[in-house]
Amino acid sequence: AQSVAQPEDQVNVAEGNPLTVKCTYSVSGNPYLFWYVQYPNRGLQFLLKYITGDNLVKGSYGFEAEFNKSQTSFHLKKPSALVSDSALYFCAVRDRGSTLGRLYFGRGTQLTVWP
Amino acid sequence: ETGVTQTPRHLVMGMTNKKSLKCEQHLGHNAMYWYKQSAKKPLELMFVYSLEERVENNSVPSRFSPECPNSSHLFLHLHTLQPEDSALYLCASSQDPPLRERTDTQYFGPGTRLTVL
């Protein structure tokens with residue numbers, strides 16, 4: 001069965017500090033991995049994805065994520081947080097052999113960046 | 001954000017009403033999705049359409065009825081809903097690539113906030 005775990009409901013960090021939002025996954029085959037961000041009263045915006053190749057993926061707004069196959073993790077990171085990064089972040093996974101559009105999402109992590 | 005649009009953005013309806021949610025994508029994609037987002041729960045995939053044909057229906061109650069008249073438009077018809085159906089309904093679209101390259105990214109609309117009284 002495919003699943004995604006985001007172990008932290010809430011992450012708080014001071015502006016300028018590095019941030020990490022954690023994600024672990026479970027798929028039966030090799031995964032495609034995604035991060036999305038949701039601002040209040042908005043839909044999900046695509047941030048970045050891992051398909052193959054370099055384990056460190058760079059995305060929008062200075063975010064990056066590191067794929068770790070042995071730990072089945074895909075943590076989202078940013079070297080220096082901004083107040084405007086405060087939002088709800090979702091990790092998602094798809095098994096490469098899955099049917100069309102079958103993305104599995106985590107419950108989301110609320111990131112709050114304090115000024 | 002203008003790639004996938006949804007109307008209305010907010011909807012309040014009684015349990016006996018009939019209403020429809022509309023989604024339109026301007027990205028040239030050929031697959032469209034309906035998701036339900038409830039507080040503190042993962043996104044729930046409701047329906048998937050590929051090339052205007054419904055390819056997935058995740059045990060959604062019959063009070064939700066999707067319609068995809070063409071690859072750019074997707075509707076969700078609602079009737080006799082329950083208060084527990086109150087949620088944010090998100091539409092998404094993607095490009096369905098060949099089987100060996102399922103790397104398509106889903107792009108989401110802003111959602112319709114539905115409240116059932």
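Heavy atoms only: backbone and side chains are in, while hydrogens, waters and symmetry mates are out.
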Any residue meeting side-chain hydrogen bond (donor to acceptor under 3.5 Å, both in side chains) with A:N55, in chain and number order, not counting sequence neighbours: none
Quick check on A:Y39 against chain B: is it the side chain, the backbone, both or neither that has a heavy atom closer than 4.5 Å?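 The answer is neither part of A:Y39.
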Applying a strict 4.5 Å limit to non-hydrogen atoms, the region of A:L88 in contact with chain B is side chain
Over all heavy atoms of both residues, which pair between A:Y36 and B:Q106 is shortest? Give the atoms and the distance, please.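 Smallest heavy-atom distance, with atoms named: OH-O, 2.7 Å.
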Interface residues of residues 16-28 of chain B facing chain A - non-hydrogen atoms under 4.5 Å apart: none
Proximal component of B:L43, with respect to chain A [non-hydrogen, under 4.5 Å]: both
Could you tell me if the side chain of B:L88 sits less than 4.5 Å from the side chain of A:Q38, heavy atoms only? yes
Is any side-chain heavy atom of B:L45 closer than 4.5 Å to a side-chain heavy atom of A:L103?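 Contact flag for B:L45/A:L103 side chains = no.
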Could you walk me through whether B:Q37 and A:F105 pass the side chain to side chain contact (heavy atoms under 4.5 Å, CB included) check? CA-CA 11 Å; B:Q37 184 180 19; A:F105 283 87; over 6 Å; no
What residues, two or more places apart in sequence or in another chain, satisfy salt bridge (charged side-chain N to carboxylate O under 4.0 Å, His left out) together with B:R63?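 Applying salt bridge (charged side-chain N to carboxylate O under 4.0 Å, His left out) to B:R63 gives B:D85.
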Mind checking salt bridge (charged side-chain N to carboxylate O under 4.0 Å, His left out) for A:K22 and listing every partner two or more places apart, or none if nothing turns up?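 So A:K22 forms no salt bridge (charged side-chain N to carboxylate O under 4.0 Å, His left out) with any residue.
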A:L48 with A:Y61, same ILVMFWY side-chain cluster at under 4.5 Å: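 A:L48 and A:Y61: one cluster.
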Quick check on the 6.0 Å ring-centre criterion: do B:F108 and A:F46 meet it? no
